[in-house]
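Per chain, numbering begins at 1; letters A, B, ... match sequence-line order.
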Amino acid sequence: MNQGGRVIIQNTGIRLHVLLLAVAGSLALASCTSAPSAEDAVRVVESYLQAKVLGNEAQVASLLCPEMEQYLVRESRTFDSVTGVRIEGMDCTMTGPQTVTCEGEIIADYGGENTVFPLTQYRVVDVDGAWRWCGEATEPVK
Amino acid sequence: MIRAFVIGLLLALGAVALAQDAPTGTIGFAVNLRSGPNNHYDWVGVAQPGTVVHLVERNRAGTWLRFQVRQADGSVAQDAWVLSGYVITPPAFDYGTLPVSARADGDPARTADPLIARLYATPVTPPVDPAMDAVLARGRELGRQANTVSKVGDSIIANPAYLEPMATPGVDLGPYRFLGTALRFFGPQMGASQAARLGLGSALVWDPFWSSPASCLPNEGPLDCEYRVRNPAVALVSFSMNDIKLLSVDDYRAAMTRIVEATLEQGVIPVLTTFASHPESPTYRQSLAYNAALIELAETYRVPIINLWLASQALPDYGLEVDMAHMKNSGLGVLTFNQGTETYSGVVLQNLLALAMLDALRESLQMDAPIPETTAEAG
């Protein structure tokens, strides 16, 4: 009986340890995967746009959300047909739970003329605690 | 024997009568003459300014005329083809009154180059395939506007001088009056396109970055945006020099195929266009292969194609600017056809051929006919 009681106590102790470990692990995990900041979202979008302008496929790939990965080639070759591609006046802010709105424009040269690509609103998604660029936001442009 | 003689005499008299009735024009400038409606046909002499000629027939587009110089007795002293812009016709004359010749626009037997032969074998404005009827019908189901045309392409298509002036008054068709119905039908809706801009390539029409955020939906590429916003029944599609820098012929063919398939799927008739190229251009051979791929694509999908490459063979510098890429603009107006500018300005020729193809579509598919109303069931 005692033996049995000790066994029960020991089992309970093991369960407590497992429980505590689980709670601690969850807290640690939660701290790691807590929603990334608005600053991070802005940084990701700006980095993405810079990578796109440079045609840096590896960098574009590292910042794309999973659902956009199928468009990696398209996304990294957007400006292949033009030269002198640069971003002017970029100013991005997080304007919604998953929306980063950017002012400014991408400008490229084509045969001595400028062709302009205005920046707009972009969607970001949280992938394992990090923002990823995920296309244009469907919220109406303000 | 006597009967045969009489018939022969009557035929001869008829021919003379026809000859006498043929409309006349005057050669405006010294010009080389050919045995057929393009420069690769045999050279058959030079016509001098002021020569009065009897106009016999034309090619389908009206860019070449066959004429005869007749003696006082009605006999033919010269029979040749000339670029129509070199012929001065009476102010009210209409090339549409001339019969369309059976002589082909090009003769593939006159070259050993298989790519050039392919281009010679394709008429400048081939007849419209009846298969386009089904596309038009599908477009009508989707609410497409039969009189609306979209431009899809790079800087050559995006050029505001291409088609867009059709929307403004003052177009002078000159002797191309037979295209007036098409001008009145399609002209008022002409405008700039979401899917035609500087630097655009055939693989970029799906890329939302190339769309205007002001007009297009989020994540909507330029092509889908254009078709949604303008709601056209016809799209004039041409991509050339940007793609040549970036794509292999196979990649180009694949990208153009995707555009054609998506366009047909949306009930829009895609009109492909070969592009002019200069033999001294470093990309000349590639441009021939691209153009041959376009012709193959048009045949596969039975879609219309304008053979601008072939038509531009007769123009100085092939109708191109010094960059050997863009079509030469005209200083007299890009839709002014009473001065013969289509014989040296690529843009004017480009507009003329587009209008001719639109006219062929309008007529063949009866695009301007009232849509029959569905009969309501009697209650």
Side-chain angles (χ1 to χ4, degrees), chain A residues 45 48-53 55 60 64-65 67-68 70-85 87 95-96 98-125 133-142, chain B residues 153-161 192-225 239-248 251-252 254-255 258-259 283 320-329:
Chain A
V45 168
Y48 183 84
L49 293 171
Q50 294 286 4
K52 193 174 173 71
V53 159
V60 166
L64 267 182
C65 69
E67 69 186 82
M68 291 287 291
Q70 60 181 312
Y71 302 119
L72 172 61
V73 172
R74 183 191 81 187
E75 286 298 315
S76 51
R77 294 183 182 173
T78 290
F79 301 113
D80 276 6
S81 62
V82 287
T83 57
V85 190
I87 305 179
T95 52
Q98 289 187 294
T99 303
V100 172
T101 301
C102 294
E103 303 289 332
E105 55 197 17
I106 296 169
I107 299 177
D109 298 327
Y110 180 82
E113 291 184 55
N114 280 345
T115 183
V116 177
F117 305 82
L119 302 182
T120 183
Q121 294 183 314
Y122 305 103
R123 178 173 167 244
V124 287
V125 296
W133 188 90
C134 210
E136 294 176 352
T138 54
E139 295 170 27
V141 176
K142 293 170 185 172
Chain B
D154 51 26
S155 53
I156 294 170
I157 294 289
N159 182 357
S193 168
Q194 301 294 329
R197 63 179 293 185
L198 300 184
L200 191 64
S202 57
L204 296 172
V205 297
W206 316 103
D207 188 336
F209 262 80
W210 283 83
S211 299
S212 162
S215 306
C216 302
L217 300 174
N219 302 306
E220 187 177 50
L223 189 73
D224 290 331
C225 177
F239 289 95
S240 52
M241 291 308 167
N242 297 322
D243 284 346
I244 277 185
K245 290 185 287 186
L246 300 170
L247 303 179
S248 68
D251 287 344
Y252 177 72
R258 189 178 173 200
I259 291 173
T283 57
L320 293 165
E321 294 282 5
V322 289
D323 66 358
M324 293 193 267
H326 296 92
M327 305 303 287
K328 187 173 292 180
N329 275 302

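- Under a cut-off of 6.0 angstrom, the local environment of CD in E103(A) is sparse, with at most 12 non-hydrogen atoms contributed by other residues, nucleotides or ligands.
- When atom types are taken as modelled, the side chain of R74(A) and the backbone of W206(B) share a donor-acceptor pair closer than 3.5 angstrom.
- The two residues K245(B) and S81(A) make their nearest non-hydrogen contact at NZ-O, 3.6 Å.
- Contact tally against chain A (heavy-atom pairs below 4.5 Å) for A214(B), P208(B), G201(B): the top residue is P208(B).
- Between chain B and the residues L119(A), T78(A), T115(A), the most heavy-atom pairs under 4.5 angstrom are made by T78(A).
- Listed here is the closest heavy atom pair of F209(B) and F79(A): CD2-CZ, 4.0 Å.
- If you measure heavy-atom distances from Y122(A) to chain B, the contacts under 4.5 Å come from the side chain alone.
- Taking CZ from F117(A) and OG from S211(B), the interatomic distance works out to 10.5 Å, rounded to the nearest 0.5 Å.
- Taking the side chain to side chain contact (heavy atoms under 4.5 Å, CB included) definition, one finds that R77(A) meets it with V73(A), D80(A), sequence neighbours left out.
- A donor-acceptor contact shorter than 3.5 Å links the side chain of N219(B) to the backbone of E136(A).
- Using a 3.5 Å distance cut-off with no hydrogens or angles, the side chains of Y71(A) and D207(B) do not pair a donor with an acceptor.
- By the side chain to side chain contact (heavy atoms under 4.5 Å, CB included) test, A158(B) is found to be paired with A196(B), residues two or more places apart in sequence or in another chain being considered.
- Considering every non-hydrogen atom in both P213(B) and P118(A), the closest pair reads CG-O, 3.9 Å.
- Contacts of L204(B) with chain A are made by side-chain atoms alone, with heavy-atom separations under 4.5 Å and no backbone atom involved.
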